[in-house]
Amino acid sequence: MSDEVHKGLDDVVVAESQLSYIDGENGQLLYRGYSIQDLAEYATFEEVLFLLFEGELPTKEQLDEFTATIREERSLPDDVIETLRSLAAVDAHPMTALRTGVSALEPHDPDQRLDPDRNVALSQGRRILAKMPTILAAYERLRLGKEPLDPHPDLNLAANFLYMLTGEEPDEIGAKSFDQALTLHADHGFNASTFTAVVIASTRANVYSAVTGGIGALSGPLHGGANQDVMEMLIEIDENGMDPIEWIEEARSNGERVPGFGHRVYKVKDPRAEILQERSRELADVGESKWYDYTTTIENYLTEDLGLTENGIAPNVDFYSGSVYYQLGIPADMYTPIFAMSRASGWIAHVLEYQEENRLIRPLSKYTGETDNEFISIEER
Ligand code: ACO
């Protein structure tokens, strides 16, 4: 047995998957063989969910049935709303509210049990995906001192989320931009949060545990947390009337990394960032343009003037998502939970796929500590 240590599991392949293909050198991302560009342009997030879970794009009838099932499951039990209310009272981060809310749903699930078979795991997954937007929107309203809104019967997942959040039906460009953002974040190979979810499910724990763990892993600034950091950077630049380049130089001289830049797999601009940049530009055309301007100034400076892309450091998905969400009126600390609301689909799809030939994930660590310590009683220490 080799005792070579693979720090960060760089380049270590631990499973086979047919869900997403990533070409980090050429900036390509496919879900089940379909380009992310086509899916973002032509499919709804609901179609993408069906594709990830079932392996193929739905027919019209299949999509209607799937969408109806999701719509039926969107409301929250009262005690989950009360849990969210108590978290709002102590000003918990929305990511904490989401993680706690998903966990609090489990006792209400009629299929709740360990060792779920595929059908049970799929039902649990659908219920969680249906309710995550409701949890987040309810939490946002509760912390603003407002009561949660019931889901809108006629809106799709993306538009309904924006409606439940703001109380207003989004316009076409807002609804489409948000739907695309959900599609773009749905799956991305064995990233840290997906791996976490799969590790949990490999013990035959249920989907609630897997998703709760995934939310925890996604919250960190090296992973999903970067989208909030990007927006906070832009807000700081704006509030202090700074030149964005001045902000970047100050951060770099303090040895800080620029949020939304760099990726373990992509060595060129993330294809998701390309699409979100386009949405950000469109929203800037009909609203405020400064957020888009700050981001492009930073990107041009880092890539063209400093040549960071030559070292494989380019904008990732988090770089432009913040300015899209901000222009839709969503506060910055909701961005990572929105990422989770979408990526939960990838977590669940990978759990379903992995469980087809489940094997407990149990790596090793190389022991580097003492081996011959003599026990000293507490009185003599
Ligand atoms: N700004 C400036 N320099 C950077 C950045 C950045 N954002 N990212 C990496 N680098 C530099 C590092 O300082 C390092 O340089 P060095 O070798 O001279 O020390 C080199 O690039 C390699 O960095 P690593 O940390 O080894 O690369 P890794 O693959 O672990 O990094 C990561 C990936 C963690 C995402 C990193 O790029 C980063 O911290 N980015 C900022 C946070 C961020 O945007 N996270 C979101 C990622 S996308 C997602 O999870 C959805």
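Being a predicted model, the structure only gives us computed values, none of them experimental. Position 1 is the first residue of the sequence; numbering continues from there. For ligands, and for the atoms within them, numbers begin at 1 and follow the listed sequence. Both backbone and side-chain heavy atoms feed into the values below; hydrogens, waters and symmetry mates do not.
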Chemist: Hey, does Gly312 sit under 4.0 Å from ligand 1 if you only count heavy atoms?
Modeler: no
Chemist: Judging by distance only, is a nitrogen or oxygen of Lys267 under 3.5 angstrom from one on ligand 1?
Modeler: no
Chemist: Without swapping roles, check the side chain of Asn316 against the backbone of Asp270 for a donor-acceptor pair under 3.5 Å.
Modeler: no
Chemist: What protein heavy atom sits nearest atom 35 (C) of ligand 1, and how far off is it?
Modeler: Gly262 O, 3.8 Å
Chemist: Would you check the N or O atoms of Ala226, main chain and side chain alike, for any that come under 3.5 Å of an N or O of ligand 1?
Modeler: no
Chemist: Would atom 15 (O) of ligand 1 count as contacted, meaning some protein heavy atom under 4.0 Å?
Modeler: no
Chemist: Below 4.0 Å from any atom of ligand 1, is there a heavy atom belonging to Phe339?
Modeler: yes
Chemist: Quick one: nearest non-hydrogen protein atom to atom 28 (P) of ligand 1, plus distance?
Modeler: Arg264 NE, 3.6 Å
Chemist: Test your reading of the structure: does Gly260 have an N or O sitting under 3.5 Å from an N or O of ligand 1?
Modeler: yes
Chemist: For atom 20 (C) of ligand 1, what's the nearest protein heavy-atom neighbour? Residue, atom name and distance, please.
Modeler: Ile313 CD1, 4.4 Å
Chemist: Hey, is atom 44 (O) of ligand 1 under 4.0 Å from any protein heavy atom?
Modeler: yes
Chemist: Which of the atoms of ligand 1 are close to Val317, meaning less than 4.0 Å from one of its heavy atoms?
Modeler: 51 (C)
Chemist: Please compare Glu256, His223, His188, Lys7 and report which has the shortest non-hydrogen distance to atom 50 (O) of ligand 1.
Modeler: His223
Chemist: Is any side-chain N of the basic residue among Arg264 and Asp10 closer than 4.0 Å to the acidic one's carboxylate O?
Modeler: yes
Chemist: Judged by modelled atom types alone, do Thr194 and His188 share a side-chain donor-acceptor pair under 3.5 Å?
Modeler: no
Chemist: For a quick check under 3.5 Å, do Ser323 and Thr295 share a side-chain donor-acceptor pair by atom type?
Modeler: no
Chemist: Just to confirm my output: which protein heavy-atom neighbour is closest to atom 24 (P) of ligand 1, and how far is it?
Modeler: Arg257 NH2, 3.8 Å
Chemist: How about Asp109 and Tyr208: does a side-chain donor come under 3.5 Å of a side-chain acceptor?
Modeler: yes
Chemist: Using a strict threshold of under 4.0 Å (side-chain N to carboxylate O), is an ion pair present between Arg126 and Glu73?
Modeler: no
Chemist: Using a strict threshold of under 4.0 Å (side-chain N to carboxylate O), is an ion pair present between Arg85 and Glu147?
Modeler: yes
Chemist: Cut-off 3.5 Å, side chains only: do Glu232 and Gln228 have a donor facing an acceptor?
Modeler: yes
Chemist: Please report which non-hydrogen protein atom sits nearest to atom 1 (N) of ligand 1, along with the residue it belongs to and the distance in Å to one decimal place.
Modeler: Val258 N, 3.1 Å
